[in-house]
There are 2 protein chains.
Amino acid sequence: MKNHLEALNKAFESRVRLGIMSLLMVNTAMDFGMLKEQLNITDGNLASHLNALDKLGYILITKQFIGKKPNTSYTATDPGRKAFSDHLDALERFISRSI
Amino acid sequence: MKNHLEALNKAFESRVRLGIMSLLMVNTAMDFGMLKEQLNITDGNLASHLNALDKLGYILITKQFIGKKPNTSYTATDPGRKAFSDHLDALERFISRSI
DNA sequence: TGTTTAACTTTGAATTACAAAGTACTTTTT
DNA sequence: AAAAAGTACTTTGTAATTCAAAGTTAAACA
């Protein structure tokens, strides 16, 4: 596929993963509950998308206890930030050619 | 889903349909062969995506003969242009909040 | 001991995407 | 006239993706 289109990252074609990554670009870290609330999806669905991003090395998962409660927090890795940023660049180039 | 994300149009989540519509925004009309060459996909795949866009009323299909050869050409309809433009706006708003 | 909370994992169903093969109709080639 | 090729599909079958719902684990609270 020509037209800058192949520069789009398949990982970010899903709205959920696009949402997760954009949240993790703005916020240095977010925990499971915060993501779930922002994205308004079921926990199983969220977990599976987080798992996909983790497998790609785009996010870092940190499990800890806050007080007595388990808390898992997610951060974008450098490769993740790079990949997302590249994707946004591709989208921007793409848009500016399409208007 | 919050964060402007629900404003994204599901029809344009696919790279192929994104590509088709962007080509039809720039070029007033394109025929099957041109689209196939630009997008570099099989004809069956292209036909099914064109069919999806047609069902949504986003493109107009015109069948004719050019010389002795059958020629089908595709144009973006006004609702199609509007929908695509709205999608790009949503993407832009989304991107500017994510960098 | 039983229930709740957090963060999953598993299951299953529905949708989507795609390549490859087949089709219809016409034209060109032999 | 018969065979091959071109255009634009449609059909078929498979693989991948997405999601909700239910089940799981482990600790904490009542």
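Order of the sequence lines sets the chain letters (A, B, ...), proteins ahead of strands, with each chain counted from 1. All of these numbers come straight from a predicted model, not from anything done at the bench.
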Original post:
Do side-chain atoms of B:His87 reach the backbone of B:Asn9 as a donor and acceptor pair under 3.5 angstrom?
Top reply: yes
Original post:
Can you find a side chain N or O atom of B:Thr42 that sits less than 4.0 Å from OP1 or OP2 on C:dC18?
Top reply: no
Subject >> Touch class at under 4.0 angstrom, heavy-atom based, for B:Asn51 against every strand present >> reply: nothing
**OP:** May I have the distance from A:Lys55 (atom NZ) to D:dA16 (atom P), rounded to whole angstrom?
**Re:** 13 Å
Subject >> Spacing between B:Leu39 atom CG and C:dA19 atom P, to the nearest angstrom >> reply: 12 Å
**OP:** Find which nucleotide of DNA chain C each of B:Lys69 and A:Lys63 is nearest to by heavy atoms, and output the residue with the more 5' nucleotide.
**Re:** A:Lys63
**OP:** Check every strand shown and say whether A:Ser48 touches a base, only sugar-phosphate, or nothing at a heavy-atom separation below 4.0 Å.
**Re:** nothing
Original post:
Nearest-Å distance, CG (A:Leu46) to C1' (D:dC19)?
Top reply: 12 Å
**OP:** Rounded off to whole Å, could you give me the NZ-to-C1' distance for the B:Lys36 and D:dT7 pair?
**Re:** 9 Å
**OP:** Check whether any side-chain nitrogen or oxygen of B:Asn45 sits under 4.0 Å from OP1 or OP2 of C:dA17, and answer yes or no.
**Re:** no
Original post:
Separation of B:Ile61 atom CD1 from D:dT10 atom C1', in whole Å?
Top reply: 14 Å
**OP:** Round to a whole Å and report the spacing from CG of B:Leu35 to C1' of D:dC9.
**Re:** 14 Å
**OP:** Between C:dC8, C:dA6, D:dC9, spot the one nearest the side chain of B:Thr72, thanks.
**Re:** D:dC9
Original post:
For A:Arg15 and D:dT17, what is the distance between atoms CZ and C1' respectively, to the nearest whole Å?
Top reply: 15 Å
**OP:** Taking A:Asp31 for its side chain and A:Met34 for its backbone only, find out whether a donor-acceptor pair lies under 3.5 Å.
**Re:** yes
Original post:
Relative to the 5' end of DNA chain D, which residue comes earlier, A:Ser14 or A:Gly44, by the nucleotide with the nearest heavy atom?
Top reply: A:Ser14
**OP:** Would you indicate which nucleotide in C:dC18, C:dT9, D:dC29 comes nearest to any side-chain atom of A:Ala47?
**Re:** C:dT9
Original post:
Does the ring centre of B:Phe12 sit less than 6.0 Å away from the ring centre of B:Tyr58?
Top reply: yes
**OP:** State whether the side chain of A:Thr77 and the backbone N or O of A:Gly57 hold a donor-acceptor pair below 3.5 Å, judged by distance alone.
**Re:** yes
Original post:
Counting only side-chain N and O atoms of B:Arg17, is one of them less than 4.0 Å from OP1 or OP2 of C:dA17?
Top reply: yes
Original post:
Can you tell me if the side-chain N/O atoms of B:Tyr74 get under 4.0 Å from OP1 or OP2 in D:dC9?
Top reply: yes
Original post:
Whole Å only: how far is the NZ atom of B:Lys68 from the C1' atom of D:dT7?
Top reply: 16 Å
Original post:
So, do A:Phe32 and A:Leu50 sit near enough that their side-chain heavy atoms are less than 4.5 Å apart?
Top reply: yes
**OP:** Look at the side-chain N and O atoms of B:His49 and state whether any lies under 4.0 Å from the OP1 or OP2 oxygen of C:dC18.
**Re:** yes
